[in-house]
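As the structure is a prediction and not an experimental result, all values here were calculated from the model. One-based numbering, in listed order, for ligands and for the atoms of each.
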Amino acid sequence: MRVNGQRSLADGSLADLTQRRARLAARFDQLKAAGLKLDLTRGKPDADQLALSDGLDGVLGGDYRATDGTDVRNYGGIRGIPEARKLGAEILGTNADDVIAAGNSSLTLMYQVVEAALAFGLFGERTAWRDESAARGRPVKFLCPVPGYDRHFAICEALGIEMVAVPMTDRGPDMDFVERAVGDDPMIKAIWCVPKYSNPTGCIYDEATVARIARLPARAGKHFLVLWDNAYAVHDLESPAPRLTSIAPLAAAAGQADHVVQFASTSKITFAGAGVAFAAGSPTVLARLERYLGAMEIGPDKVNQLRHARFLSGRLEAHMRAHALLIAPKFAAVLNRLEASLGNLRIARWTKPKGGYFISFETEPGLAKRVVALAREAGVTLTPAGATHPYGRDPEDATIRIAPTFAALRDVEAATEVFALCVELASVEKLIAERSAPPSAPRASVDKK
Ligand code: PLP
């Protein structure tokens with residue numbers, strides 16, 4: 001993250017701040033009266049992005065045969081059809097043999113992998129985490145880099161897994177912290193990773209971090225798993241796109257191939273509600289997963305898999321560039337407005353992702369909830385403060401996730417103007433409260449960490 005600007009709002013006198021608050025409050029009241037209804041909450045593609053994939057409809061033209069002769073209309077084929085597995089391999093940068101092509105949601109696959117590891121064991125008989133948990137009388141724990149993805153945390157909560165927050169850096173999770181944690185506690189069984197355009201910071205794990213994560217299972221307790229959620233593998237805003245170091249060869253070289261499961265989907269490539277999801281792993285893990293999934297279903301939606309494989313064959317990159325053309329102006333609108341409104345005030349910092357779906361914004365400690373509440377009052381809905389942290393608790397109350405893709409460009413601009421105003425107003429309120437506090441009361445620091 002970057003610290004913006006040089007002059008600080010905190011340099012102003014109490015009289016300056018009071019005047020400023022009056023001006024901001026007047027503008028806030030104006031915006032409130034305008035009755036805005038704007039939404040920057042969930043990272044969803046907008047209708048124009050979805051329309052890029054309308055060609056899926058009818059692409060099969062009555063030809064339902066996969067390359068291996070499978071009639072995709074019928075039951076069967078837990079691992080998916082070959083051309084869909086090839087598509088998953090292209091997205092994940094791995095081999096088709098290592099990929100399962102499944103239903104429409106990679107989150108479902110993540111849930112299934114975690115549940116299989118808990119209850120059934122991914123590494124053979126008697127490897128279930130739950131058995132070890134019962135034997136030791138201690139809960140299973142996961143490492144959760146923060147800020148992170150709320151739905152990863154929801155999977156942990158649903159399955160009774162305790163979450164351990166890990167600080168994020170610009171290069172990925174703080175690996176000194178991570179290595180210490182897994183070395184100290186054998187009940188830490190997994191780490192969530194969104195290695196490219198991380199949700200929400202947008203950072204890309206650097207090579208050294210990927211290499212350390214690939215070796216991590218060797219330092220951890222038994223049956224450790226790296227959950228490599230590469231949801232934004234091909235979701236670049238710039239060309240040439242930055243490259244993510246491939247984890248699979250590094251894990252294999254470290255003898256840890258069984259301990260990394262990768263995920264991706266076409267949710268933000270084609271239709272968010274009707275895409276194809278992928279998991280990639282070692283032969284041992286895929287065989288266990290196939291058995292587990294086989295108890296749940298006779299086979300995935302192979303018609304959709306074939307549609308996707310035919311539609312995207314040879315044109316994935318061009319298709320993603322078309323997405324970038326639609327999304328990039330929205331990211332630029334947010335970043336330009338934040339810079340123009342807040343760039344010189346030194347009251348906040350934010351990330352400038354080169355891809356993915358989110359911008360992570362950090363207020364002064366203790367202000368995120370207040371900013372989200374002010375924005376709601378002025379007609380702009382934001383992801384609830386705290387959603388980026390396990391159990392919805394951001395100890396600093398500072399992180400806000402901004403999702404610019406779904407709203408129309410003019411709404412993104414308007415919403416960011418309101419948002420920036422709310423940040424400034426909340427920050428001024430805080431400074432005034434601190435300066436007005438009785439001398440005996442300790443004065444909270446406004447310095448950035
Ligand atoms: N993983 C991450 C990091 C995401 O940000 C999202 C959606 O926002 C998903 C997974 C959802 O994936 P899917 O639609 O394949 O379930």
Review point. Within 45° of the axis and under 6.0 Å from the centre of the six-membered ring of Y75, does NZ or CZ of R73 qualify?
Key: no
Exercise for review: Look only at interatomic distance and state if Y232 has a nitrogen or oxygen under 3.5 Å from any nitrogen or oxygen of ligand 1.
Suggested key: yes
Point to revise | Polar contact flag for H152 and ligand 1 (N/O pairs, less than 3.5 Å) | key: no
Study note, to complete from the structure: Residue, atom and distance of the protein heavy atom nearest atom 1 (N) of ligand 1 read D229 OD2, 2.6 Å
Point to revise | atom 12 (O) of ligand 1: the protein heavy-atom neighbour that sits closest, reported with distance to 0.1 Å | key: S106 OG, 3.1 Å
Review point. For the residue pair W129 and F142, is the inter-centroid distance of their aromatic rings smaller than 6.0 Å?
Key: yes
**Study point:** Closest approach of any protein heavy atom to atom 14 (O) of ligand 1, naming residue and atom
**Key:** S267 OG, 2.6 Å
Exercise for review: Could you find the nearest protein heavy atom to atom 7 (C) of ligand 1 and give me its residue, atom name and distance?
Suggested key: K268 NZ, 3.0 Å
Practice item. Report yes if the distance between the aromatic ring centroids of Y232 and Y357 is under 6.0 Å, otherwise no. Key: yes
Review point. Are the ring centres of Y205 and W228 closer than 6.0 Å?
Key: yes
Practice item. Please could you name the atoms of ligand 1 that S265 approaches to less than 4.0 Å, counting only its heavy atoms? Key: 13 (P), 15 (O)
Check your understanding: Can you tell if the side chain of V140 reaches within under 4.5 Å of the side chain of E162, non-hydrogen atoms only?
Key -> no
Exercise for review: Please state which part of L107 comes within less than 4.0 Å of ligand 1, counting heavy atoms only: side chain, backbone, both or neither.
Suggested key: both
Check your understanding: Which of parallel (below 30°), tilted (30 to 60°) and perpendicular (above 60°) describes H152 and W192?
Key -> parallel
Review point. Does R288 make a cation-pi contact with F120, if we ask for NZ or CZ under 6.0 Å from the ring centre and within 45° of the axis?
Key: yes
Review point. Do the two ring centres, one from H223 and one from F123, sit under 6.0 Å apart?
Key: yes
Revision key, fill the gap. A student checking ligand 1 against V194 at a 4.0 Å heavy-atom cut-off should list atoms 3 (C)
Study note, to complete from the structure: atom 16 (O) of ligand 1: closest protein heavy atom, distance to 0.1 Å, is S105 OG, 2.8 Å
**Study point:** Heavy atom of the protein closest to atom 11 (C) of ligand 1 (residue, atom name, distance)
**Key:** Y149 OH, 3.7 Å
Check your understanding: If you measure every N/O of A272 against every N/O of ligand 1, is any gap under 3.5 Å?
Key -> no
